[in-house]
Number of protein chains: 4
Amino acid sequence: MSAATTARQRRKDARPQELLDAALELFVEKGFAATRSEEVAVRAGVSKGTLYLYYPSKEELLKAVIQQALAAKIAEGRAMAQGLQGSPGDKLLTVLPHWWGEVYRSPASGVFKLVITEMCNFPELAQFYAREVIEPGSALVAEQLEAGMACGEFRRHDVRSTVYSIVMPLIMLCLHKHSLGACGMVEPMLADPDPFIRHHVALVLDGLRHRPDATGAPHTSPTPI
Amino acid sequence: MSAATTARQRRKDARPQELLDAALELFVEKGFAATRSEEVAVRAGVSKGTLYLYYPSKEELLKAVIQQALAAKIAEGRAMAQGLQGSPGDKLLTVLPHWWGEVYRSPASGVFKLVITEMCNFPELAQFYAREVIEPGSALVAEQLEAGMACGEFRRHDVRSTVYSIVMPLIMLCLHKHSLGACGMVEPMLADPDPFIRHHVALVLDGLRHRPDATGAPHTSPTPI
Amino acid sequence: MSAATTARQRRKDARPQELLDAALELFVEKGFAATRSEEVAVRAGVSKGTLYLYYPSKEELLKAVIQQALAAKIAEGRAMAQGLQGSPGDKLLTVLPHWWGEVYRSPASGVFKLVITEMCNFPELAQFYAREVIEPGSALVAEQLEAGMACGEFRRHDVRSTVYSIVMPLIMLCLHKHSLGACGMVEPMLADPDPFIRHHVALVLDGLRHRPDATGAPHTSPTPI
Amino acid sequence: MSAATTARQRRKDARPQELLDAALELFVEKGFAATRSEEVAVRAGVSKGTLYLYYPSKEELLKAVIQQALAAKIAEGRAMAQGLQGSPGDKLLTVLPHWWGEVYRSPASGVFKLVITEMCNFPELAQFYAREVIEPGSALVAEQLEAGMACGEFRRHDVRSTVYSIVMPLIMLCLHKHSLGACGMVEPMLADPDPFIRHHVALVLDGLRHRPDATGAPHTSPTPI
DNA sequence: TATGAATGAGAGTTCATTCAT
DNA sequence: GATGAATGAACTCTCATTCAT
């Protein structure tokens with residue numbers, strides 16, 4: 001009976017994840033509203049009714065999808081950030097591209113599209129995302145920038161702005177993968193995104209390094225219109 | 001009767017634009033699939049039936065919305081780029097933040113969200129967007145970067161990558177406006193985005209300027225993991 | 001255009017009642033839960049969707065059905081009770097059977113079945129029924145009984161109990177019509193219920209009249225077990 | 001092992017009754033169509049699947065519920081009616097309230113609601129009910145009325161009508177218990193129904209007793225409208 | 001031209017019933 | 001025998017679209 005129970009139990013235990021995987025794919029690809037719940041079930045290899053044994057509604061499924069897809073990656077990132085040697089700049093240049101490459105290649109990369117799309121319709125999603133993703137993510141990068149300023153690797157600058165300058169293209173890359181990229185219109189450069197990611201992070205960090213004429217602010221035009 | 005006719009004519013002539021405006025707002029806010037066509041009609045001040053006098057289906061309405069919202073802005077950008085004096089860096093620092101501020105504040109800023117969301121569902125949209133928006137937009141920036149390299153303002157670098165480094169945060173800003181921003185969770189910094197835009201463009205361009213040890217590539221970590 | 005408007009308008013105006021009629025029939029016949037909303041629509045000669053233009057849900061339809069079916073009859077009864085001559089007993093003997101015959105023959109007779117069945121599931125229905133039907137109905141009968149006691153036509157007795165003795169069989173008759181009666185198992189006596197109604201009211205009132213040995217209470221067994 | 005087997009056997013033997021009890025409660029409370037079969041199983045302390053080991057379908061369960069709930073009571077009534085002394089009126093006044101009080105207080109009282117509700121949907125139920133309940137029940141009362149007329153205790157009258165006058169309020173009382181009564185809207189008088197039952201039976205029988213002017217018919221109004 | 005009543009395909013969800021364990 | 005995971009037909013309700021007026 002142990003074997004018997006196991007076979008069924010194994011299926012049952014795997015179901016939630018299988019359903020989440022199927023749902024993530026479809027929600028990202030077609031949008032939440034445009035995805036029929038039966039499609040999710042079928043892609044997960046079960047029938048319509050079975051979906052509702054595990055998630056009480058399509059909306060709850062959405063929340064679970066987003067939550068679990070991000071939870072793992074966030075934890076990974078946090079772990080990776082610790083126990084690294086080198087200057088703050090080196091840390092950023094090492095960890096960020098590596099971690100982001102993983103995210104980009106995993107299905108979790110689609111979550112950004114999903115979040116941006118559905119945040120307005122499900123406000124509690126916004127709070128979850130702000131609290132669990134934006135805040136810790138921003139903090140990780142901001143800490144290194146602060147440290148870099150403290151030790152003189154970087155000039156003084158507006159850390160918050162720089163965080164966005166660094167991070168936003170990484171997110172855009174994920175969005176791109178699941179919009180233009182998913183239409184078969186892959187720009188070659190973005191097919192393998194790691195070089196771009198490294199180039200981007202390095203470029204921004206270069207802009208932060210001290211230089212002879214450094215005024216403390218980036219080189220803004222005197223008449224910004 | 002001429003006056004009456006004229007008045008009615010005026011309304012009639014304004015209809016398509018009013019419908020497009022209403023549709024853009026709603027599609028951006030709730031998503032295409034989750035927006036009911038009657039809502040669009042009501043917000044445009046007409047009845048359900050009237051919508052169908054101007055656009056044969058909801059899908060055609062979507063295409064018209066995207067097409068027209070971007071058309072004007074693209075043209076503006078092109079015009080603004082010409083007839084400007086100064087170094088390539090100064091041009092970018094002047095034009096880009098100005099133009100983007102306008103885009104950001106206009107309803108057209110929502111189109112990016114819409115495009116990212118619906119591209120997969122309506123592939124012809126992808127081609128239109130790539131041809132009419134990405135290509136000319138990238139070209140405008142790329143030209144200046146090439147010119148900057150030619151005249152020695154910028155060091156040698158991968159122009160394509162830099163274009164993305166510059167432009168992606170600007171697009172993200174628009175996405176943010178219509179996702180987290182629309183949930184009332186506006187981060188103060190992004191409430192008035194112009195300073196950030198200027199900071200960002202300046203920061204990246206700073207990373208491109210010559211420096212003693214410049215090798216032509218940004219300062220990449222020797223062991224990129 | 002007046003004629004045009006009228007034709008469509010007439011249909012639209014008649015819809016709610018047509019839907020209520022259809023719903024009453026079906027809910028009574030098959031029960032609320034066992035009636036498909038499309039059946040109601042079809043019997044009313046419209047499509048599924050049209051039903052929802054007039055009633056926002058099946059449950060609201062149920063409430064409307066009950067409310068309107070009883071409202072009319074209650075008002076009729078109240079009107080009939082006034083402006084009648086004769087002793088209280090004669091009034092009861094005249095009005096009650098007449099009014100009840102009308103109720104019995106009308107579709108409203110089915111509401112009792114509906115109410116008894118669905119009261120538990122929709123508690124607000126219970127309050128409506130108690131307030132709008134039971135209370136005024138009981139009061140009408142009770143008043144006459146009180147008057148009859150006052151003028152000596154009836155002996156002293158428990159009015160509340162007697163009201164139920166009089167009224168309950170009338171209600172049962174309606175229930176019977178829509179249960180056994182609707183199964184084709186019509187007992188002949190109940191096919192034409194007026195004689196029974198008259199017999200019943202008269203019988204109970206006879207029990208109330210004074211008699212030599214009257215003790216004020218009905219003739220209860222000395223040892224009621 | 002014998003003990004273990006016995007214990008299990010006992011449970012197994014009790015199952016059908018436990019299921020019937022649970023089903024009766026739920027069917028009465030919520031209606032047959034609105035009761036989920038799993039609810040029945042859970043209330044009976046078994047699993048969904050087990051229910052189907054004992055009853056092949058929900059519908060069969062319904063039939064069994066009705067059949068068995070009434071069977072016992074009918075038999076009891078028949079037994080109680082025999083071996084009683086006294087005039088027919090005294091018998092009625094003694095047995096009927098006593099028996100009915102038992103029925104009222106037992107779960108079987110709900111069957112009337114169930115029967116009225118579901119008779120139309122399951123016609124064979126109607127036949128069963130007419131044959132096994134209405135006929136024997138009416139006969140029991142009718143016999144006493146006939147006997148009463150024969151011995152001069154009652155005046156001549158329409159026995160069939162009188163049977164209904166006597167019995168219908170008793171049934172209504174049961175319906176009331178499971179409709180308004182179950183909504184917490186218990187009218188005090190009906191909370192303890194025995195006094196009402198006695199009052200009612202006595203009242204009707206009083207109407208049947210001889211009196212000086214008795215014409216054989218109840219005191220009907222000369223102009224019954 | 002403009003309306004909005006009407007439609008019916010289709011979506012989300014439920015639940016009686018089955019059957020491998 | 002007992003279970004409860006799984007199924008899929010059936011139900012309530014929605015909404016893009018049509019068309020008589």
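Remember, predicted model here, so these are calculated numbers, not experimental data. Chain identifiers are assigned alphabetically (A, B, ...) following the order of the sequence lines, protein sequences preceding nucleic acid strands; residue numbering begins at 1 within each chain.
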Short side-chain to backbone donor-acceptor contact, C:Lys113 and C:His178, under 3.5 Å: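 Here the side-chain-to-backbone pair exists.
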Side-chain donor/acceptor of B:Lys58 to backbone N/O of B:Thr35, under 3.5 Å: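 Indeed, once roles are kept as given, a pair shorter than 3.5 Å links the two residues.
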Check: A:Val65 and A:Leu19 side chains under 4.5 Å, non-hydrogen atoms: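 Of all side-chain heavy-atom pairs linking A:Val65 with A:Leu19, none is under 4.5 Å.
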D:Phe27 side chain reached by D:Leu61 side chain, heavy atoms, under 4.5 Å: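 When only atoms from C-beta onward are counted, D:Phe27 and D:Leu61 do touch, with a gap below 4.5 Å.
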[X] [atom1] to [N] [atom2]: how many Å, rounded?
{"X": "B:Phe27", "N": "F:dA16", "atom1": "CZ", "atom2": "C1'", "value": "12 Å"}
{"X": "C:Leu51", "N": "E:dT7", "atom1": "CG", "atom2": "P", "value": "11 Å"}
{"X": "D:Asp13", "N": "F:dA2", "atom1": "CG", "atom2": "P", "value": "10 Å"}
{"X": "C:Lys30", "N": "F:dA10", "atom1": "NZ", "atom2": "C1'", "value": "13 Å"}
{"X": "C:Glu18", "N": "E:dA5", "atom1": "CD", "atom2": "P", "value": "15 Å"}
{"X": "C:Tyr55", "N": "F:dT12", "atom1": "OH", "atom2": "P", "value": "17 Å"}
{"X": "D:Leu19", "N": "F:dT3", "atom1": "CG", "atom2": "C1'", "value": "14 Å"}
{"X": "C:Lys12", "N": "E:dT7", "atom1": "NZ", "atom2": "P", "value": "13 Å"}

Short side-chain N/O contact from B:Arg15 to OP1 or OP2 of E:dA2, under 4.0 Å: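 For E:dA2, OP1/OP2 do have a side-chain N/O of B:Arg15 under 4.0 Å.
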Phosphate-side-chain proximity, D:Tyr54 and F:dA2, N/O vs OP1/OP2 below 4.0 Å: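 So the side chain of D:Tyr54 is within the cut-off, an N or O lying under 4.0 Å from OP1 or OP2 of F:dA2.
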Worked verdict on D:Arg43 versus D:Glu18 for salt bridge (charged side-chain N to carboxylate O under 4.0 Å, His left out): CA-CA 9 Å; D:Arg43 186 169 297 199; D:Glu18 287 168 8; over 6 Å; no
B/S/- contact track for nucleotides 10-15 of chain E, protein heavy atom under 4.0 Å: BSSBBS
Mind checking what makes side chain to side chain contact (heavy atoms under 4.5 Å, CB included) contact with [X], not counting sequence neighbours?
{"X": "A:Arg36", "answer": "A:Glu38, A:Glu39"}
{"X": "A:Ala126", "answer": "A:Met119, B:Leu180, B:Cys183, B:Met185"}
{"X": "C:Pro16", "answer": "C:Tyr54, C:Tyr55"}

DNA chain F stem ranges, 3 or more consecutive Watson-Crick or G-U pairs under 3.5 angstrom: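 Expected stems, ordered by start: E:2-21 with F:2-21.
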Sequence-distant partners of D:Glu132, salt bridge (Lys or Arg N to Asp or Glu O under 4.0 Å), two or more places apart: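 Partners of D:Glu132 under the salt bridge (Lys or Arg N to Asp or Glu O under 4.0 Å) test: none.
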